[in-house]
Amino acid sequence: FGTTHADHCHGPVPVTRPLTAAEIKNDGQPPRADGWRQLFRGQTKRARRYVAKALWHNRRNDHSWLQAGLLYITEGRWKQALFALKHIVEVTGSAVMEAFGRAYAGAGQIDAAIRMFETALGTNPHDVSTLLAYSHALAQDGRVDRAYALAQQALSHDASNVDVLLQLGQMALRMDRPNEAQEHLEAAATLAPERVDVQSAHSQSLLAQGFFEQALRVALSLSRSRAGLPLVTSSVTAPTTSVAVIVGVSLLPLTVIVMG
């Protein structure tokens, strides 16, 4: 708890009961473990409760502050993430440096992010998560060639990583390399048929190569599998073409021209 609880009080502040001997001994480890489990599952609201409980047990625990920083990063709350990570005193290593890099990149401080990622890779040069996060940061800053090289390096260490394949495919599209994009995104789509972002990018790569019917098929298949996805189709008669427009307000914005 912060000092706000005591700003308008006189004498003892009845905020929490005293810690038991067992709670002091375990140093908040059980709620911290629960917090990690919820973070890995993407349950950020539940994770937040456990992170708060772990910090209540011990506000000087570096692992709890790292967990809080990663939670804020997941939520896109970059200033709060940096605030939490700066409480870390003794724990260093690539995981902490990567977390700092992601938080700085999210806050738009790319140079600081690069320093952190380079430090992390100095400790663990083959860490796929760090390589991918570094690639995203550089792509965000327009350094596409270096970002693509880092993603390729990540793929060399984990050829079935869907997020790496997605990053490579999207960057290949951005670099006007449709064949490379299709190769990576088709692999990603095979590994993760349920992911909207992957299937959307796959459809776009098919479209970029002129495979209009296949692109439409992927988009329609995905839209049917997602309950409540907005779908509007229309056709325009022309000598050799018909047009189908698929509009997904938040999930799948695509325009597909289908050769008749």
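Contact record, Val164 with Ala151: CG1-O, 3.4 Å, taken as the closest heavy-atom pair. Shortest non-hydrogen contact noted between Ser160 and Leu191 is O-CD1, 3.5 Å. Gly169 approaches Ala181 most closely through the heavy-atom pair O-CB, 3.4 Å. Counting all heavy atoms, side chain and backbone alike, Leu82 lies closest to Ala107 at CD1-CB, 4.3 Å. Among all heavy-atom pairs drawn from Ser135 and Ala147, the shortest one is OG-O, 2.7 Å. Minimum heavy-atom separation, Leu131 to His126: CD1-C, 4.3 Å.
Leu168 places none of its side-chain heavy atoms less than 4.5 Å from the side chain of Glu180. Under the 4.5 Å side-chain criterion, counting only non-hydrogen atoms from C-beta, Asp62 is not in contact with Leu66. Between Arg146 and Ile114, every side-chain heavy-atom pair lies at or beyond the 4.5 Å cut-off. A heavy-atom distance below 4.5 Å is not found between the side chains of Leu71 and Arg77. Annotation: side chain of Glu186 is not in contact with side chain of Leu206 (no heavy-atom distance under 4.5 Å).
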Original post:
Where do Gln140 and His136 land on the side-chain contact (heavy atoms from CB on, under 4.5 Å) test, with the steps shown first?
Top reply: CA-CA 6 Å; Gln140 174 185 330; His136 278 293; over 6 Å; no
**OP:** Show your working on side-chain contact (heavy atoms from CB on, under 4.5 Å) between Leu185 and Leu165 and close with a plain yes or no.
**Re:** CA-CA 6 Å; Leu185 292 171; Leu165 288 165; over 6 Å; no
**OP:** In sequence, state the C-alpha distance, the side-chain angles, and the governing distance for Tyr134 and Glu118, and then conclude on side-chain contact (heavy atoms from CB on, under 4.5 Å).
**Re:** CA-CA 9 Å; Tyr134 194 178; Glu118 289 289 350; 2.6 Å; yes
**OP:** Please assess Tyr148 against Gln167 for the test side-chain contact (heavy atoms from CB on, under 4.5 Å), listing each intermediate value before the final yes or no.
**Re:** CA-CA 8 Å; Tyr148 192 75; Gln167 171 73 346; over 6 Å; no
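Note: Leu70 CG to Leu85 CG = 7.0 Å, rounded to the nearest 0.5 Å. One finds the CZ atom of Arg60 at 11.0 Å from the NE2 atom of His87 (value rounded to the nearest 0.5 Å). Here the straight-line distance linking atom CG of Leu132 with atom NE2 of His157 works out to 12.5 Å at 0.5 Å rounding. The distance from the CD atom of Glu213 to the CG atom of Leu207 is 12.5 Å, given to the nearest 0.5 Å. A distance of 8.0 Å separates CG in Leu155 from CG in Asn161, rounded to the nearest 0.5 Å. Atom CE of Met116 and atom CZ of Arg102 lie 14.5 Å apart (nearest 0.5 Å).
In the hydrophobic cluster analysis, where Ile, Leu, Val, Met, Phe, Trp and Tyr join through side-chain heavy atoms closer than 4.5 angstrom, Val196 is grouped apart from Val162. Residue Val218 is grouped with residue Phe211 when hydrophobic side chains (ILVMFWY) are merged at heavy-atom distances under 4.5 angstrom, including chains of intermediate members. The hydrophobic clustering, which links ILVMFWY residues whose side-chain heavy atoms are closer than 4.5 Å, places Ile110 and Phe100 apart. Linking Ile, Leu, Val, Met, Phe, Trp and Tyr whenever their side-chain heavy atoms come within less than 4.5 Å leaves Leu138 and Trp78 in two separate clusters.
In terms of modelled atom types and a separation under 3.5 Å, the side chain of Asn61 and the main chain of His63 share a donor-acceptor contact. Not a single donor-acceptor pair under 3.5 Å links the side chain of Arg174 to the backbone N or O of Val144. Remark: side-chain polar atoms of Ser205 are paired, donor with acceptor, to backbone N or O of His202 under 3.5 angstrom. Not a single donor-acceptor pair under 3.5 Å links the side chain of Ser203 to the backbone N or O of Gln199. Side-chain atoms of Trp65 come within 3.5 Å of backbone N or O of Arg59 as a donor-acceptor pair.
Checking Thr119, Thr130, Thr123 one by one against Glu98, the side chain to side chain donor-acceptor pair (under 3.5 Å) holds for a single residue, Thr130.
The residues Arg195 and Asp163 are annotated as salt-bridged, a charged nitrogen and a carboxylate oxygen being separated by less than 4.0 angstrom.
The cationic atom of Arg115 (NZ for Lys, CZ for Arg) does not lie both less than 6.0 Å from the six-membered ring centre of Tyr104 and within 45° of the ring axis.
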